[in-house]
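In what follows, a structure is listed as structure tokens, so that the remarks can point back to it.
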Amino acid sequence: MNNLTFNKKLLSTLMLALVLTACKSTPMTKPSIEDKSVGQNTTTTTPAAGADDGSTVKEVSLDDANANDAGNPLKDPNNILSKRNIYFDFDSDAVKAEYRPLVEAHAKYLLSHKDARVIVQGNADERGTREYNLALGQRRSVAVKKALNVLGVQDEQIETVSYGEEKSTGCADEACFSKDRRADIVYQGE
Amino acid sequence: MKIFRFLAFFTSFFASTFLFTPVANAALEIEISGGSAQQIPIAIVPFGQGEHAATMSGIIAADLKRSGLFRVLETGGVASRPTDITQIKFAEWSALQAQAMSVGTIEPQADGKLKVSFQLADVLKQTQLTSGQYNISPSQLRITAHKIADAIYQKLTGESGIFASHIAYINKSKGRYTLQVADADGANPRTMLSSKEPIISPAWAPDGNRIAYVSFEKKKPIIYVQTLGGQRTTVASFKGNNSAPAWSPDGNKLAIVLTHGANSQLYTINADGSGLKQVTKSSAIDTEPTWSTDGQWIYFTSDRGGRPQIYKVSSQGGDPKRVSFEGAYNVSPRFSPDGKSLAMIRNDGGRFRVALQDLNSGQVQLLSDGGQDESPSFAPNGRVILYATRNGGRGALAAVSADGRVKQRLNESGGDIREPAWGPLIK
């Protein structure tokens, strides 16, 4: 299905009711219409060509550039450095003991590769609003950063960001929500 | 409450839409509860002959119909086709029970422009109520029709219109995210930005010509401002997150949220990316800023009290004061255009609903009944709140009147649409 076409249809239909909601609720008792507005009764307007009426909307398309290098320990599935996901309990930003080896491995790598930079991406499940979940995901990325800090990694090698609920998997139950409550370690250039 | 059902309401008006749709003519069914007890009967006489005239009168009629305040009369049975108030045989139109009628002309000019004139007449008093003239290019026909509909709406209801405006929203489709801008009637959707990484939090500048948004195209949230003409500026790309842009009422500044390696905090920044100033300093989450209409305050979400609630802080910084007290979870504040109330999202026993708080009395009314409602956005006249909801696992848009009387949800699903933002009236 053509999505633009669908949207057009959807939104057209939606707007039907949007504007309907501006209804007056009190019954009108007056037998005829009346002029309820104040001020001028005649307007003359000459919009400038290409004025902000949206007639000249332009699209910006983003390139999908993505580096894809293979054959390093960070990508080796047998190396713990390829493990990048740290999962959290509900409403928690505590890094659990089971992830200690993972965090230690990345700390060791960062300490021996001072040029390496990581972005710790925090995530939240989709319950709640997008921006608030972005802030919640940030808490988790900060928690992972602090765990790396304790092991000696300096802040300049770590950036903490959040994807909030944007990478959530479209869950409907708690077992699934738990997969969305995580922080991902991403090396610069990946 | 009355239930109106409109089946395939737009079939003729948006006929072109269906031509591209494989499953053609699926009935668009909308359930609307509430509405006006009495509708003003109005006749929209085509503005002369030809395609332009038919397009224009069609848009005006559709706008007024959708408002629920008007009954647009079928004019096919009337012999005369006046294009000026002096030509109206009022007896014919009062026989049709019209109380108001609009007539007009569209005259092509030598320079390729169109001169559109309209008059709104009171059929019973046989007088002119308002009129307008527009010198436009043919591409401005649609927006001009919306402006005329707004002029009629305003004259007969006393409320400012909302038809000549845009809405923005995010569509997720086939793994790509697009920022879309459409006319307020949903027509004419255009893609402003396309990316395989998420786009969130679109916000209209007060001039209606710029949208701030957050794009994850560089694997982290960065704030951009883009004009409708496609000019794009990076406003905030600091270490950590850059998110939740909110325009100041004068359109010169944005309230934003930055993290700098720690929790989310509020800042203000000029629209060109200069003049960064920190507004809140806490160890809690401070996010989702919205400006008061006078620009004095920034309202925001914070969990400094343990649970997320709405607070306000001077836009110059200072000590925040708590604003929301009912309920254990209130987020996403949005100031109403008249500055008298605050829309927000409340977690009501696990259901996320749109709520409206009167800022004078502090009273809160829950407006929507959805389970995962988000992103409230006021219509330019403040009478309607557009918001995102979930329908069958997908994002959809819905709306509720600010008095809570009228609720609407689209029954048909298929797209994944979120983050609606209703723009200002187009001048």
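Proteins get letters first, then strands, A, B, ... in listed order; numbering begins at 1 in each. None of the values given here were measured: they were computed from a predicted structure.
The parts of B/S243 that come within reach of chain A are both its backbone and its side chain, each placing non-hydrogen atoms under 4.5 angstrom from that chain. A/I158 touches chain B through its backbone: at least one of N, CA, C or O sits under 4.5 Å from a heavy atom, while the side chain does not. Within the 4.5 angstrom heavy-atom criterion, only side-chain atoms of B/I200, from C-beta onward, approach chain A. Contact of B/F216 with chain A is made through backbone and side chain together, with heavy-atom distances under 4.5 Å. Both the backbone and the side chain of B/L193 come within contact range of chain A, judged by heavy atoms closer than 4.5 Å. At a 4.5 Å heavy-atom cutoff, B/Q119 makes no contact with chain A through either its backbone or its side chain. Interface residue B/N241: backbone and side-chain heavy atoms are both found under 4.5 Å from chain A. With a 4.5 Å cut-off on non-hydrogen atoms, A/Q121 touches chain B through its side chain but not through its backbone.
When A/K146, A/Q138, A/K145 are compared by the number of non-hydrogen pairs under 4.5 Å with chain B, A/Q138 comes out ahead. In terms of heavy-atom pairs under 4.5 angstrom with chain A, the leader among B/T259, B/T127, B/V257 is B/T259. With chain A as partner, the option from B/H146, B/Q231, B/R232 having the largest number of non-hydrogen pairs under 4.5 angstrom is B/R232. Ranking A/K167, A/E126, A/E59 against chain B, the residue ahead of the rest is A/E59, based on heavy-atom pairs under 4.5 Å. The candidate from B/A379, B/P198, B/S264 with the greatest count of non-hydrogen atom pairs under 4.5 Å with chain A is B/P198.
The CD1 atom of B/I285 sits 4.5 Å away from atom CG of B/D303, with the distance rounded to the nearest 0.5 Å. To the nearest 0.5 Å, the span separating CD on A/E131 from CD on B/E419 amounts to 7.5 Å. The CD1 atom of A/I185 lies 11.0 Å from the OG atom of A/S141; values are rounded to the nearest 0.5 Å. Here the CG atom belonging to A/L74 is positioned 5.5 Å from the CG atom belonging to A/L81, to the nearest 0.5 angstrom.
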Could you go step by step and tell me if A/Y187 and A/H106 meet the ring pair (Phe, Tyr, Trp, His ring centres under 6.0 Å) rule? CA-CA 10 Å; A/Y187 281 80; A/H106 286 285; 5.7 Å; yes
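There is no side-chain donor-acceptor pair under 3.5 Å between B/S215 and B/E197. In this model, a donor atom of one side chain and an acceptor atom of the other lie less than 3.5 Å apart for B/S302 and B/D286. Judged purely by distance below 3.5 Å, without hydrogens or angles, the side chains of A/D180 and A/T169 pair a donor atom with an acceptor atom.
Taking a cutoff of 4.0 Å between a charged side-chain nitrogen and a carboxylate oxygen, B/R418 and A/E165 do not qualify as a salt bridge.
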